[in-house]
Each structure stands twice: as C-alpha cells, then as structure tokens.
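See below for the structure under consideration.
For the numbers below, each heavy atom of this structure counts, side chains included, while hydrogens, waters and symmetry mates do not.
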Amino acid sequence: MPAYNPKLIEQKWQRLWEKSGLYTTDIANATKPFYNLMMFPYPSGEGLHVGHAYAFSGADVYGRFQKMLGNEVFEPMGFDAFGIHSENYAIKVGKHPAELIEHTTAHYEEQLRKLGNMYDWSHKLSTTDPNYYKWTQWLFLQLYKHGLAERKEADVNWCPSCKTVLADEQVITGRCERCDTETTRKKLKQWFLKITKYQERLLANLDHIDWSEKVKAAQRNWIGKSEGATIHFAVNMPGAGNAEAQKPTTISVFTTRPDTLFGVTYLVLAPEHPLAQQIAQSNADVAAYITKALKKTEQQRIAEVGAKTGIDTGVTATHPATNKLIPIWVSDYVLSGYGAGAIMAVPAHDERDLAFAQTCKLPVVEVITANDTLVNSGQFDGLSTREAQKKIISWLEQNNHGTATTTYRLRDWLISRQRYWGPPIPMIYCDSCGEVPVPKHELPVLLPRLDDFQPKGKGLSPLATVDSFVHVSCPKCGADALRETDVSDTFLDSAWYFLRYPSSDCVDKAFDPKITKRWLPVHMYIGGAEHSVLHLLYSRFITMALKDMGHITFDEPFTTFRAHGLLIKDGSKMSKSKGNVVNPDEYIDTIGADSFRIYLQFLGPFEQGGDFRDDGVQGAIRFLNRLWNIVHKTHRAAKMKDSPDVQAVLHRAIKKVTEDIGTLKYNTAIATIMGFVNSLDADKGGDAILSIDQARLTVQLIAPFAPHITEELWALLHDYDGRSWKKEQSIFNARWPQYNPEFIVETTHTLVVQINGKVRDTIEVTTGLSNDELQKRAFASLKIQTCLQGKLTKKVIVVQGKLVNIVV
RNA sequence: GCCCGGAUGGCGGAAUGGUUUACGCGCAACACUUAAAAUGUUGUGCCGAAAGGCAUGAGGGUUCGACUCCCUCUCCGGGCACCA
C-alpha cells in the first residue's frame, strides 16, 4: 500500500481538474444552476490569511455538496482590488498600486488554488479592470439618470489621515474605519446615492429573506426606523418692531413618546438649527455658545455624554396643550441630522433630558406615566401609554399642532472619495450646461497613470492635478468644461459584482439579461458579518434600484446569506494589529490542504467560528490517514457483498452528514464520519471490512471537506487510470449517497430506567415492546428492585423507545 | 443604555424536554521499537476505598423528568449609540 502523500495527490488532482475543466460551468445552458458565492477579498500585500482559508473552504464545502447533489454549481472568485485599503498599502511600501495589484492578485490566486476550492477561474474578475469599472461608471450614470445620484453640499465625515470623505457606514464611533483616525466634519459638495429612498423596502424585505439573523438585526438597527410624532410649538419672539421677528414662528420637534407631551418642561435646539442661528444674531452669549459647540469634534461630543452643556436663549415657546410658557435652550446634545434637529425635553421620562435639566438647574416636572397609566395629563389621564400615543397624535392633528411621523437613522450614501485608486466618477461640469454625464460610448473614463498618486488633502483628489484629465470639452455644447476628479467609493464596485461574474465575457452590457435570468439571484452567499451595514446593505439597495430601472427582475441579490464565524487565536480575533495572524501556506505545505480544511471545519460550527490551535491539526491528519488505509485495504480485499454489520452505521451516517452539511454544521458532519471510520477500525478482523460500494459511499461523504484525497481514493475504488481520466469520472460528478431507511431501523435499543428522574439502570430491549412490557422489564431489574425496597410506587412514566421513570 | 450571540470536562466542542460530556485535542498506561517518532489498544468530569454523592455561569419557576422552556441576575464576545 502506498503511503498517503498529500502533496503529491493534491498537485495531481489540481492539475487533472484544471485540464478536464471539471469546475468550468456551462453558463449559457445550465438547467440546474446553483450560484455559490463567497465575498471576494481585497488582495492585501500580506497575502491570504487563515481567516480567508476558513471562510472560503467552508463556502466551498457547500458548493461541492450542491454539485454532488446534481446541481450545476457556479463558484467564481475575483478581487476587490480598487480602494483605499489597496492604495494605503501601496503608499506604505512605496509602490504604484497598479503594479502592486498585479503582484498581489497573482499571489492570492496561487494561494487560493492550493486550497483546492472548485473555482471557475474562467470568470475571474477584478474591480480595477477597465472592462469592469466601465460598468461601475455606467451603473453610476444609470442611478444619476433616475434621480438616485445627487451632488449636494453637505456636512460630511472627513478623515484627515486618509485625506478623503467617508460614508457614515465607514465611521466607527467617530473614527475612520480604515486607519482609526478621528474624523472631522467638513462642508463639501459631494456625490450621494439616495439609499434613503429605499429605506422602507430595505427594512420590509428583511422579513422574508433567508439571511443570518444577526445580519438582519444589524441592518434593522442601522436603518433605525422610529415611529412617533412631529409636534409644533409656537415661539414668542421678542423685539417688537422687527418685521422679521413678528412673523409667527414655530419650532417643530420629533418625539417617539407623544404620550409624554404634558411632561415637556423646555425645548432644545441643535446649534445648527436655523432658529438658534437667528437668535444668535441678537444674542451674543448664544452666538458664542454655538460657535464653541460647532468647533467640537465628534469625539469631544461623545466624551461629554452626561456632562451636558447648553444655554438658555431667553426666548419662550407656548405649550400647545397647557398654553404654559416654556423656555427654549440650545445644546449640542441635540443632533441636527436626526428628526427635526430640535427636541421637546421630558426630564421625567428621558435620562438625557434629566441630566441636562440637573446640570442647567431647570425645574423638573413630575411623573407623567405611572404603571403604564397617564397622570398629570389633563383629558388624557388614565389612558395607557399606547392608547395615549394614538389619542394625543389625533388631538395634535385635529388642532394643527402636529402630525404622526416616522423617522429613519439611515443617511444617503456618500460615494465621492478624494483619492486616486478608484473609478473616476463619470461626470463633467460645464458653465452653461451644468452637470453633464459622460456619454456611454466614452466609457470607461480611464484612470490615468499617476506617478504621484498620494492624497493631497484640501478636499481634492490627486486627479485634480492632471490638466489633461481635468480639461475636456462639454459633451453637450462643446465648450471648455471640467471633469469631476473624485473617484467613487470601493463599496460601489462591490455592490454589483455578483451580477458581473456570470456575464464576465459580456462586452456590450454590464450583465447579459438571459444569463442573469438563469443565474440570479445568488442561491447561497457566504461572508463576514462585518459587512452587515456596508457591502450587504449597499448591494441590496443597488439591486432594488436596478430592478426599478428595469434592468433585472428581482429586488434582493442573495436568496440565502450566511455569516461565517470568526477564528479566535490566543483569546482574541485574528487581526494584523494583534499580531496573531496565521499564514495558511505553511500548513498546506506541511500537512496538505485536505487535512487543513478538515481541521478548520472541525473547530466548531461554521457560523460560530472557533479557536485556532496548532496542536489540533493532528486529529485531522490521523483521520485522513486512517481513511487512506481502510480504503486501500478494502480495495485489496475487493469484497463485493455489503457487510451487514456496517450497513446500519453507514446509512445513519449518510443521513446525519447530509442534514448537517445542508445546515452548515460541518463540525458534527465530520465528527459523524470520524465515528463511522473508528467503528471500522475497531473490528479489524478482516471480515468486517467494507465492500467496495460501502467504501465508495464513505469516501463520498468526506469529499466536500477533503476533495483531493477522496478523488484519489474514488479513482482507486473504480480502477480509473490517471492518464486517461475524464471529468465524468470525478467523485464530484457522482450522485450524493442516499440512505436506505430500512437499514437504519433499530431492532434493539437501550431502555433507561429512572427512579424519580435519576438513572438507576439501563436495559437492552427489542424495539417496539408495549408500555406494559417495558414497565415489566423495568421492575424486573435487580438494581431497580434494590432501590425500590420499602418504597411505594406512586406513578410510572413510560416513553416508548426511551425510558421508564418510576416515581416514588 | 439598546440590539444580537455566548457561558457544558484540563482544552475545542456534542446533545428532537428523556443515559450530560458525541467527535477531536491533551494526558496516563500498555503494545510495537535497541530507542524515539509514528501507529495501535485501553482508560480519562469532580469527590469518594467503596456504596454512593455532586456537576451544564448564579438564583428561582414549570415538569414524572430541564443544558434545553419561563422569570430575575452575573460575566464574556460582537454590533449600534446623546437617534429624542
């Protein structure tokens, strides 16, 4: 028997698979298409790490399983190679990103190939390829044409280190997602994609898509729907004689608790609020406060939680229900970007309002709700909170004091980046024609090769320094015009890539309608939960927009999405900054991809992740060696008749493994096969060894996890010749094992006998005995009789096939 | 503060309300070996000499019976966060 040599076998089969085109999908004609997608990586200079290997091989297990079930599986791979991450790395190592990308993607591809995943490399794509980003630009223009892209001046997040603006989703508690630098606010004219137009649909669809629950929760959270009311308060502006001030003025506030209306003690305006600004013109103290507040960074504001500052404007408003005068304050604990930028403060029911009232020594109003019943609320006393909310809203509406209102936390997606490494936004500005889209036939707007590509700061992309790029003639009137010099966010590149893979050869369209109809939406998508509110939300938005524009017929891109877990090492998540990243290459080189894949997927449930420990890989190696030996022994013995003792265990394993792979419980699937293989080892008398057919079934069960060794053993069990091997002979083209229900019927089982719920004895009984018979057997047990001595039996519980519980 | 996960042997982890600890790692003994590695066999929750008792983060509850269901709490991981 040859010794198991993973390196040799893996090279052999990777070569034969490629030569035979086993994983090349018939995109145009597939009748049972299954699109198995995993999030494409951005190729960092450090190369693929163990986290990638874990996620990708886990996704590949699922793809191979689907293929073995008879589906035509399309499993593509590509590179998200545009973006700040790639550009920052290029700056760090002092190379041009274009050159670097060539090198890093080649390295990634090599590493990915060694893992043995069933990628169809003929559909590889890179977001940096002009043939790709031409269509990213086209997508932007489509959005523009349909009013979903808009250039507007706004207060935006600015990262001083990356020298670019960022989307809200890319700012994590006031810091840049990429470099952790504190972000600042900047007023700039930028391009936004109107994702907020889709907020209700993005939220509603979550109820019927099959996605990991935690990702759906994160998206709901991020969209942040709040139902409540807008309430108008009449303002009593001082300064008679001033024509401006004598106009009736109102402040509108948003609240989710209209039932606390009678607890309002004061109003607070955000420093940015127009009325605050207006008051500041005649009140120097207010002006000073606002100036100071607006200078604060996000971080400073967050640091001040609890120690709130503010200023009384001296102006009052009239309470719509009680007609009492209430003071108006300005404070930066009220955010301008949410709701109405002004609030009604109810210290009795809101911690923040209470903190502010205490700091600023405002009189606090008594309780409004006691035991879910309204008090001190005039005509609304005695109502429950829920009833009161409804009744107060209708009262407000009848008296023109307010309306029912729904607000969302979601903001529009800012996609302009003042950086180099991205697709130029295809717009031209002309003095007489205004914003002019680049005509489709002029796409792509090529990213010029710049030797000095470093960000310049000051809110302009490095492209602004290239005269030949900037100066163009207007496509409409021919006059001198200027190009947009910002590039688009890398998340726009990845918001539609799943549409491109099957159509990657398509030259005249972003995606071919026929192909798209056949292959999309994606059947299974696997990736990290860290993209919950970035990539995964953006992709859903773009898909909805494309549907509404008539380009596709579905509005959700991924039918099923599963978030894989994280690998933990030395107690924390693997990351570059923690210095606990493991390179998969050394493992694959020493123990082989198959052992490594088995080890990774055996660590824990795929959706939970696991603890990566070096010493654990031994188990996987031993297991595959055992399998190798048993199959070779079987092949030599060439037994054609199935061993009956093995049949029941084998078929139970088939049932369990099939269920477990389908639900991504890879760890228990592997454990089941290990248990089966161990049971064979135990009786090595020779007689009990598997038949050829049984060995084939065994090998098939492991194939999704360890593709190379199983392909080799499959060929051995069929006496295929490596030189004339054809893809039709592959184990992955063979039908997945079916269990025979007759074989797994149990003839005997263990009957557990309990007294007061505690196990006192176990008895082997034939299956199917009557309750009376089971009870009789239980009482016949010597152990039970001993335990029961002198005790009165009160009750006996019999559970068929399981136990007898005697209550005394 | 809010929202999602978790908490089970020395460790990673298994368990349709019914034998807690599958499978793996580690460890121990034995076999093979001149020896080691590798491999194989057996054992391995804790206390106890044994009979037996006690164990699934803590405390209650439902139940003949709870890791599993309900309530209260603690701790750990992740996400959101002055969002009114």
#### Entry: Residue-phosphate contact under 4.0 Å: Asn678(A) side-chain N/O, G24(B) OP1/OP2
yes

### Query
Can you list the stems that RNA chain B is part of, where a stem is at least 3 pairs in a row, each Watson-Crick or G-U, with both distances below 3.5 Å?
B:1-7 with B:74-80, B:10-12 with B:23-25, B:26-31 with B:39-44, B:45-47 with B:52-54, B:57-61 with B:69-73

### Query
For atom C1', what is the distance between U42(B) and C32(B), given to the nearest Å?
15 Å

### Query
Does any N or O in the side chain of Thr766(A) come within less than 3.5 Å of the main-chain N or O of Thr748(A), such that one atom is a donor and the other an acceptor?
no

## Note on the structure
Rounded to whole Å, CG of Leu269(A) lies from C1' of A84(B) at a distance of 14 Å

Protein and nucleotides 6-11 of chain B: nitrogen or oxygen contacts under 3.5 angstrom:
unit_1	atom_1	unit_2	atom_2	d
C11(B)	O2'	Arg613(A)	NH1	3.2

### Message
What's Thr750(A) touching, base or sugar-phosphate or nothing? Going by heavy atoms closer than 4.0 Å.
### Response
base

### Query
For the pair made of CG in Leu536(A) and P in C4(B), what is the distance, rounded to whole Å?
19 Å

### Rounded interatomic separation in angstrom, taking CD from Gln219(A) and P from G79(B)
16 Å

### Query
Is there any salt bridge (charged side-chain N to carboxylate O under 4.0 Å, His left out) pair reaching into residues 769-783 of chain A, and which pairs are they, with sequence neighbours excluded?
Asp761(A)-Lys783(A), Glu773(A)-Lys776(A), Glu773(A)-Arg777(A)

### Query
With a non-hydrogen cut-off below 4.0 angstrom, is Asn625(A) in contact with a base, only sugar-phosphate, or nothing?
nothing

#### Entry: Minimum-distance nucleotide (side-chain atoms of Met674(A) versus A14(B), C23(B), C82(B))
C23(B)

### Query
Is the phosphate of A84(B), meaning OP1 or OP2, less than 4.0 Å from a side-chain N or O of Thr407(A)?
no

### Query
Hey, what's the ring geometry for His319(A) with Phe262(A), parallel, tilted or perpendicular (30° and 60° as the breaks)?
tilted

### Closest-nucleotide ordering on RNA chain B, the 5'-leading residue of Ile343(A) and Lys665(A)
Lys665(A)

### Query
If you pin Ile670(A) and Arg760(A) to their nearest nucleotides in RNA chain B, which one's is more 5'?
Ile670(A)

### Message
Among A84(B), C3(B), G24(B), which nucleotide has an atom closest to any side-chain atom of Thr255(A)?
### Response
A84(B)

### Task
Kindly point out which of C3(B), G24(B), C80(B) is positioned nearest to the side chain of Arg626(A)?
G24(B)

### Message
Would Lys308(A) and Tyr333(A) count as a cation-pi pair here, with the cationic atom under 6.0 angstrom from the ring centre and within 45° of the axis?
### Response
yes

### Task
Write down the distance separating the P atoms in A84(B) and C70(B), rounded off to the nearest Å.
28 Å

### Query
Can you tell me how far P in G18(B) sits from the matching atom in G24(B), rounded to whole Å?
24 Å

### Query
Short question: side chain of Ser331(A), backbone of Thr309(A) - any donor-acceptor pair under 3.5 Å?
yes

### Message
Once you measure the plane-to-plane angle for Phe356(A) and Trp329(A), does it fall in the parallel (<30°), tilted (30-60°) or perpendicular (>60°) bin?
### Response
perpendicular

### Summary
Glu530(A) CD to C4(B) P, in whole Å, measures 20 Å

### Query
Separation of Phe606(A) atom CZ from G5(B) atom P, in whole Å?
19 Å

### Query
When rounded to the nearest Å, what value does the distance between P atoms of A14(B) and A22(B) take?
13 Å

### Query
In Å and rounded to the nearest 0.5 Å, what is the OG1 to NZ distance from Thr385(A) to Lys390(A)?
12.5 Å

### Query
P atom, C73(B) versus G1(B): distance in rounded Å?
12 Å

### Message
Given Leu627(A), which partner from the list Val631(A), Asn625(A), Ile630(A) fulfils the side chain to side chain contact (heavy atoms under 4.5 Å, CB included) test?
### Response
Val631(A)

### Query
Mind checking whether Phe561(A) and Trp211(A) have parallel, tilted or perpendicular rings, split at 30° and 60°?
tilted

### Message
Tell me if the centroids of the rings in Phe705(A) and Tyr599(A) come within less than 6.0 Å of each other.
### Response
no

### Task
Would you indicate, yes or no, if A84(B) has its OP1 or OP2 atom less than 4.0 angstrom from a side-chain nitrogen or oxygen of Tyr333(A)?
no

### Task
Please tell me which of the listed nucleotides, C80(B), U19(B), C82(B), lies nearest to the side chain of Asp332(A)?
C82(B)

#### Entry: Listed nucleotide nearest any side-chain atom of Gln618(A), set U20(B), U39(B), C80(B)
U39(B)

#### Entry: Anti versus syn assignment for G9(B), with syn defined as within 90° of 0
syn

### Task
From the options Asp259(A), Thr260(A), Thr255(A), select the one residue that forms a side-chain hydrogen bond (donor to acceptor under 3.5 Å, both in side chains) with Arg257(A).
Asp259(A)

### Query
How far, in whole Å, is G57(B) from G5(B) if one measures between their C1' atoms?
16 Å

## Note on the structure
side-chain hydrogen bond (donor to acceptor under 3.5 Å, both in side chains) pairs touching residues 662-672 of chain A, sequence neighbours excluded, are Asp660(A)-Thr668(A)

### Task
Could you tell me which residues satisfy salt bridge (charged side-chain N to carboxylate O under 4.0 Å, His left out) with Arg652(A), sequence neighbours excluded, listed by chain and number?
none

### Query
Given G12(B), C82(B), A22(B), which nucleotide is nearest the side-chain atoms of Ala671(A)?
A22(B)

### Out of G26(B), U19(B), A84(B), whichever nucleotide has its closest atom nearest the side chain of Val752(A)
U19(B)

## Note on the structure
Rounded to whole Å, CD1 of Ile621(A) lies from P of G26(B) at a distance of 10 Å

### Query
Using the ring of each side chain (for Trp, its six-membered ring), is Phe606(A) parallel, tilted or perpendicular to Tyr54(A), with breaks at 30° and 60°?
tilted

### Task
For the pair His531(A) and His535(A), name the ring-plane relationship: parallel under 30°, tilted 30 to 60°, perpendicular over 60°.
perpendicular

### Query
In whole Å, what separates the P atom of U63(B) from that of A58(B)?
23 Å

### Between C23(B) (P) and Arg622(A) (CZ): distance, integer Å
15 Å

### Message
So Arg411(A), base contact, sugar-phosphate only, or nothing? Heavy-atom distance under 4.0 Å.
### Response
nothing

### Task
Name the nucleic acid region contacted by Leu603(A), choosing base, sugar-phosphate or nothing; use a 4.0 angstrom heavy-atom cut-off, strictly under.
sugar-phosphate

Can you pull every protein N or O that's under 3.5 Å from an N or O on nucleotides 61-67 of chain B?
unit_1	atom_1	unit_2	atom_2	d
C64(B)	O2'	Asn805(A)	ND2	3.4
C64(B)	O2	Asn805(A)	ND2	2.5

### Message
At 4.0 Å (heavy atoms only), tell me whether Lys758(A) reaches a base, stays on the sugar-phosphate, or touches nothing.
### Response
sugar-phosphate

### Query
What integer number of Å spans the P atoms of U68(B) and C23(B)?
24 Å

### Nucleotide C82(B), atom P - distance to CZ of Phe254(A) in whole Å
16 Å

